[in-house]
Amino acid sequence: MGFVDYAVEGAVGVITINRPQALNALNSQVLDDLEKAFDGVDLDTVRCLVLTGAGDKSFVAGADIGEMSTLTKAEGEAFGKKGNDLFLKIESFPIPVIAAINGFALGGGNEISMACDIRLASENAVFGQPEVGLGITPGFGGTQRLARLVGMGMAKQIIYSAKNIKADEALRIGLVNAVYPQDQLLEEAKKLAAKIAGNAPIAVRNCKKAINEGYQVSISEGAAIEEKYFGDCFETEDQKEGMANFLRKKDDPKKVKHVAFLNK
Ligand code: CO8
């Protein structure tokens, strides 16, 4: 579909931003195609997503500078909203999304990765928020999510200086969870996605909601959110079968069987 490819392998979906001639920069069309790709995910069968970029040089080299160069104030705000709406959709997407960052993750590229649940990077990945060098602020969530991920001081340094950092530094400050050689990144991301997809889907979804919603509020409000999603897991087939299997194992290790979680 246009600038975005989508493939399903078992219970894992792989969304690839495919505009390598512009280092996968996000123009309006790419944002629209991404939205369609997420809307098209069959949530009955796919339980985890991987988001990556085409080619071996760039994940996403930012929002499209050519498209942005002539925007008015109102158009700039609208373009920011278009990106923010999509990235909020990714952040709150029912199933986990793993960013496999295979090269440049600059501006909107770093921002889309931060809307994902987990970030894995290749050794050649480069991260940064170059916006102030272009006369704008980060506009697809960078001023909000970077500080939440790496702390206020480090986020301000990265954003104010517009200085890029390499994968090892991104790992050190907690911007990414792991770094792999370029040729292993996608396989590692799919492996992690398959591991997540093999767990009880209602529980995984509820964990995502509890963590995301709880992160915005006080610890006591967060505890109440957790109780709601914890309770919601009970009486599901997945909870009954998951726990019954554990008890069977204790009773007689030979009775251990693969738990086929049902998503209900
Ligand atoms: N937008 C448009 N085209 C791009 C972009 C981009 N962000 N990045 C790269 N390209 C294009 C280049 O123009 C070039 O095209 P062409 O071959 O037609 O000349 C092609 O991709 C290859 O790029 P380079 O030749 O520059 O490749 P290099 O290896 O020499 O350099 C870099 C790679 C360092 C990544 C370099 O391309 C670069 O600096 N790109 C821009 C990075 C950047 O500044 N990104 C941030 C953009 S701002 C942003 O993301 C704000 C998000 C919020 C927006 C809110 C709106 C209101």
Side-chain angles (χ1 to χ4, degrees), residues 2-5 15-35 38 51-92 97 99-116 119 121-150 154-170 175-176 179 182 185:
F3 289 126
V4 174
D5 299 331
I15 294 178
T16 305
I17 299 168
N18 191 355
R19 196 191 172 208
Q21 66 280 12
L23 303 185
N24 303 322
L26 304 171
N27 61 15
S28 297
Q29 166 91 53
V30 177
L31 295 176
D32 287 342
D33 291 350
L34 268 171
E35 174 137 41
F38 276 90
L51 175 69
T52 194
D56 55 10
K57 186 172 171 183
S58 181
F59 171 66
V60 171
D64 191 295
I65 298 171
E67 182 173 336
M68 285 188 298
S69 61
T70 56
L71 298 183
T72 62
K73 282 182 192 292
E75 288 165 344
E77 194 174 328
F79 189 53
K81 180 163 168 39
K82 188 177 176 72
N84 270 337
D85 286 351
L86 173 63
F87 293 8
L88 286 165
K89 173 182 239 173
I90 295 172
E91 187 168 61
S92 60
V97 185
I101 303 158
N102 56 312
F104 291 114
L106 300 175
N110 191 38
E111 289 169 308
I112 196 170
S113 81
M114 292 192 293
C116 298
R119 280 155 295 288
S122 57
E123 286 166 345
N124 65 323
V126 175
F127 298 81
Q129 296 291 157
E131 286 88 347
V132 295
L134 296 164
I136 57 173
T137 66
F140 288 168
T143 61
Q144 305 306 307
R145 291 195 181 90
L146 190 56
R148 283 168 164 83
L149 273 172
V150 303
M154 190 57 81
K156 285 181 170 172
Q157 181 176 322
I158 290 169
I159 290 172
Y160 297 170
S161 71
K163 192 165 168 283
N164 293 343
I165 59 170
K166 294 184 175 161
D168 56 346
E169 176 72 352
L175 182 56
V176 300
V179 178
Q182 165 83 272
L185 173 69

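Just so you know, ligand 1 is whichever comes first in the structure, and atom 1 is the first atom listed for that ligand. What you are looking at is a predicted structure, and each value in this text was computed from that prediction instead of being measured.
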For the atom pair [atom1] ([X]) and [atom2] ([Y]), what is the distance rounded to the nearest 0.5 Å?
| X | Y | atom1 | atom2 | value |
| --- | --- | --- | --- | --- |
| Leu26 | Lys82 | CG | NZ | 11.5 Å |
| Leu146 | Ile158 | CG | CD1 | 5.0 Å |
| Phe59 | Ile17 | CZ | CD1 | 5.5 Å |
| Gln29 | Leu34 | CD | CG | 10.5 Å |
| Leu23 | Asp64 | CG | CG | 11.0 Å |
| Leu175 | Met114 | CG | CE | 7.0 Å |

Specify the protein heavy atom at minimum distance from [atom]: its residue, its atom name, and the distance to 0.1 Å.
| atom | value |
| --- | --- |
| atom 36 (C) of ligand 1 | Leu23 CD1, 4.6 Å |
| atom 5 (C) of ligand 1 | Ala25 CB, 4.0 Å |
| atom 41 (C) of ligand 1 | Ile65 CD1, 3.7 Å |
| atom 18 (O) of ligand 1 | Gln21 O, 4.9 Å |
| atom 44 (O) of ligand 1 | Pro130 CG, 3.5 Å |
| atom 38 (C) of ligand 1 | Leu106 CD1, 4.8 Å |

Does any N or O atom in [X] lie less than 3.5 angstrom from one in ligand 1, N or O only?
| X | value |
| --- | --- |
| Lys57 | yes |
| Gly108 | yes |
| Ala63 | yes |

Below 4.0 Å from ligand 1: does a non-hydrogen atom of [X] turn up there or not?
| X | answer |
| --- | --- |
| Glu67 | no |
| Gly83 | no |
| Glu77 | no |
| Gln129 | no |

Requested in this report: Check whether more than 12 heavy atoms from other residues, nucleotides or ligands sit under 6.0 Å from atom CD of Glu169, and answer yes or no.
Outcome: yes

Which of the atoms in ligand 1, numbered in the order shown and given with their element, are less than 4.0 Å from a heavy-atom of [X]?
| X | answer |
| --- | --- |
| Glu111 | 52 (C), 53 (C) |
| Phe79 | 56 (C) |
| Gly139 | 53 (C), 55 (C) |
| Asp64 | 1 (N), 2 (C) |
| Gly76 | 57 (C) |
| Met68 | 48 (S), 54 (C), 56 (C) |
| Ala22 | 4 (C), 9 (C), 10 (N), 11 (C), 21 (O) |

Backbone N or O of [Y] within a donor-acceptor pair of the [X] side chain at under 3.5 Å?
| X | Y | result |
| --- | --- | --- |
| Glu67 | Ser28 | yes |
| Arg119 | Ser113 | yes |
| Asn102 | Gly55 | yes |
| Thr52 | Ala100 | yes |
| Gln157 | Met154 | no |
| Asn110 | Phe127 | no |
| Gln129 | Gly142 | no |

Requested in this report: Report the part of Leu134 in contact with ligand 1, treating N, CA, C, O as backbone and CB onward as side chain, heavy atoms under 4.0 Å; options are side chain, backbone, both, neither.
Outcome: side chain

Requested in this report: Have a look at ligand 1 and work out which part of Phe104, if any, has a heavy atom under 4.0 Å from it: side chain, backbone, both or neither.
Outcome: side chain

Look up [atom] and tell me if a protein heavy atom lies less than 4.0 Å from it?
| atom | value |
| --- | --- |
| atom 23 (O) of ligand 1 | yes |
| atom 8 (N) of ligand 1 | yes |
| atom 50 (O) of ligand 1 | yes |
| atom 28 (P) of ligand 1 | yes |
| atom 13 (O) of ligand 1 | no |

Query raised in the report: Strictly by modelled atom types, are Asn18 and Thr16 linked by a side-chain donor-acceptor pair under 3.5 Å?
Result: no

Requested in this report: Using heavy-atom distances, let me know which of Gly107, Ala61, Gly142 sits nearest atom 43 (C) of ligand 1.
Outcome: Ala61

Query raised in the report: With respect to Ile65, which candidate in Asn27, Leu134, Ile136 satisfies the side-chain contact (heavy atoms from CB on, under 4.5 Å) definition?
Result: Leu134

